[in-house]
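Order of listing sets the numbers, starting from 1, for every ligand and every atom in it. From a predicted model like this one, the values you see are computed outputs, not experimental measurements.
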Amino acid sequence: MTDLPKDLREALAQRFTIGLPRIVSRSKATDGAEKFLFELEGGVRVEAVFMVDTKRRPSAEAADVPPGVRTTICLSSQSGCAVDCAFCVTGRLGAGRNLTAGEIVGQYLAIAREKRIGPHEANVVFMGMGEPLLNVPNLLRALDLLESEVAPRRTTVSTSGIVPGLEILAARARRPNLAVSLSAPDDGTRTRLMPINTTHPIADLFAALRRWPLERGRRITFEYVLIRGVNDSLDAARRLAALVKALPSKVNLIPLNESERWLPGLERPPAETVDAFAREVARAGVPVTVRWSKGLQADAACGQLKGREEPRRTRGAAASDR
Ligand code: SAH
Ligand code: SF4
């Protein structure tokens with residue numbers, strides 16, 4: 001920009017960067033999911049995942065996505081996570097740093113460019129590394145910036161239930177869809193799995209959710225990671241349904257993605273248990289889906305994103321209490 005004065009150019013160069021996050025590596029699963037590892041300022045590494053609705057995809061190996069096929073880009077908001085859920089690999093990293101709005105949107109832009117995704121062709125979910133509602137200013141700015149490419153109704157923010165963050169998001173004029181990671185129907189089990197529950201117990205979380213301005217026809221998604229022998233009983237399914245029925249809701253069951261190295265002792269329940277749990281929730285009149293994670297082979301499934309190789313925390317709390 002030689003039309004700008006030299007000292008202004010120098011000042012700009014010192015304070016700002018222009019460009020996309022550097023892609024360090026890409027790994028592809030056979031279902032079309034692809035994990036992107038990015039390196040950001042200061043050598044920080046985060047992961048984001050590109051996913052394709054495989055039901056309608058003719059070939060998982062095709063380089064480009066055919067028109068009309070639904071794609072979803074899963075973004076990270078932090079480079080680790082302080083929330084420390086017992087079942088999550090990102091939690092094992094401990095607190096990372098907050099990503100800037102530019103770094104959040106940069107993941108989307110870099111993937112959209114690589115996969116040749118145009119404006120309004122992809123959904124965005126904040127389900128990668130980190131807790132978006134512990135990085136609210138940057139999340140809000142990123143949501144604003146993303147709007148020209150992805151409509152808020154095609155954007156979903158997933159949270160472990162940070163009440164003050166929910167309240168800030170609720171006050172926005174244009175809100176994304178909301179997904180809440182519940183993973184237990186009672187405070188005892190939830191605190192064991194998600195220590196954040198001591199700060200924001202279920203009653204407080206649901207009080208905030210009741211205040212969430214939900215558009216007509218919309219539902220809050222409750223994510224529930226199913227862990228064998230921990231939260232997968234039929235009784236838990238009934239209590240879960242009774243709890244979420246207080247709101248327009250749907251339940252998304254995620255059978256645990258195991259990791260012997262990072263999550264020792266935690267197991268995915270057998271398929272029959274998952275099915276029986278889902279049927280019990282449905283029987284109570286709550287819409288339920290089972291998300292058998294995409295990208296498993298690429299180590300890109302829910303709760304498997306780490307951006308680095310060594311756990312900082314090792315813990316088997318949920319397992320050892322069993
Ligand atoms: N921090 C936010 C968003 C990122 S986690 C949150 O917790 O909602 C995205 C989803 O992955 C959450 O619903 C979380 O419960 C789920 N998840 C974490 N670890 C998992 C694992 N090992 N297997 C399956 N799902 C997992
Ligand atoms: Fe953090 Fe979400 Fe993982 Fe919990 S599940 S540790 S909140 S990223």
Side-chain angles (χ1 to χ4, degrees), residues 46-49 51 72 74-96 98-99 104 107 124-136 139 155-163 165-166 169 176-184 189-200 205 209 220-228 230-232 250-269 274 289-296 299-307 311-313 315-319:
V46 297
E47 295 174 331
V49 187
M51 289 166 287
T72 299
C74 173
L75 303 178
S76 291
S77 55
Q78 300 181 307
S79 64
C81 189
V83 178
D84 197 19
C85 301
F87 46 77
C88 175
V89 169
T90 308
R92 300 280 75 70
L93 298 173
N98 284 337
L99 302 197
I104 295 171
Q107 298 164 60
V124 160
V125 295
F126 286 82
M127 295 184 186
M129 293 166 62
E131 168 49 58
L133 295 188
L134 289 180
N135 184 13
V136 171
L139 171 72
T155 306
T156 300
V157 170
S158 175
T159 178
S160 55
I162 311 291
V163 169
L166 277 171
L169 204 55
N177 298 309
L178 188 61
V180 177
S181 300
L182 198 58
S183 290
T189 315
R190 190 161 192 268
T191 297
R192 203 143 66 79
L193 293 175
M194 303 178 69
I196 191 72
N197 195 69
T198 49
T199 316
H200 306 296
L205 172 59
L209 295 177
I220 294 173
T221 301
F222 289 94
E223 294 159 289
Y224 193 104
V225 178
L226 278 167
I227 308 168
R228 181 176 193 159
V230 175
N231 63 357
D232 62 346
K250 55 185 172 187
V251 166
N252 200 337
L253 299 174
I254 318 174
L256 177 81
N257 294 309
E258 299 173 348
S259 169
E260 215 166 281
R261 173 150 181 234
W262 296 75
L263 310 169
L266 296 188
E267 288 170 27
R268 162 184 287 203
V274 174
T289 49
V290 179
R291 193 201 304 162
W292 297 99
S293 284
K294 293 180 181 296
L296 270 175
D299 206 8
C302 299
Q304 300 271 328
L305 302 183
K306 50 190 181 294
R312 214 173 283 156
R313 290 173 171 148
R315 200 182 69 157

Side-chain donor-acceptor pair present, Glu131, Thr159, cut-off under 3.5 Å: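 Yes, side-chain donor-acceptor contact under 3.5 Å.
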
Polar contact flag, side-chain donor to acceptor under 3.5 angstrom, Asn252-Glu223: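 No, no side-chain donor-acceptor pair sits under 3.5 Å.
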
Examine ligand 1 and decide if any of its atoms is less than 4.0 Å from a heavy atom belonging to [X].
X: Leu263; result: yes
X: Tyr224; result: no
X: Ser77; result: no
X: Ser259; result: no

Close side-chain approach of Thr221 and Asn177, heavy atoms under 4.5 Å: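 Thr221 vs Asn177: side chains apart.
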
Heavy-atom side-chain proximity of Thr155 to Phe126 below 4.5 angstrom: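 They are in side-chain contact.
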
Asp84, portion touching ligand 2 at heavy-atom distance under 4.0 Å: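 Near ligand 2, Asp84 shows its backbone, while the atoms from C-beta on stay back.
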
Give the numbers and elements of all ligand 1 atoms closer than 4.0 Å to a heavy atom of [X].
X: Gly128; value: 4 (C)
X: Phe126; value: 3 (C)
X: Gly130; value: 1 (N), 2 (C), 3 (C), 4 (C)

Residue, atom name and distance, where the atom is the protein heavy atom closest to atom 15 (O) of ligand 1: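 Checking every protein heavy atom, the shortest distance to atom 15 (O) of ligand 1 gives Val225 CG2, 3.3 Å.
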
Nearest neighbour in protein (non-hydrogen) for atom 25 (N) of ligand 1: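 For atom 25 (N) of ligand 1, the nearest protein heavy atom is Cys302 CB, 3.3 Å.
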
N/O/S atom of Cys85 inside 2.8 Å of atom 3 (Fe) of ligand 2, strictly under: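 No - counting backbone and side chain alike, Cys85 has no N, O or S atom under 2.8 Å.
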
Shortest non-hydrogen contact between Leu139 and Leu133, atoms and distance: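 For Leu139 versus Leu133, the nearest heavy atoms are CD2-CD2, 3.7 Å.
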
Where Met129 and Val46 come nearest, the two heavy atoms and their spacing: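 Nearest pair, atom of Met129 first, then Val46: SD-CA, 3.9 Å.
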
Verdict with reasoning, Arg268 to Trp292, per side-chain contact (heavy atoms from CB on, under 4.5 Å): CA-CA 11 Å; Arg268 162 184 287 203; Trp292 297 99; 3.3 Å; yes

Within reach of ligand 1, part of Glu131 (heavy-atom separation under 4.0 Å):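 Near ligand 1, Glu131 shows its backbone as well as its side chain.
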
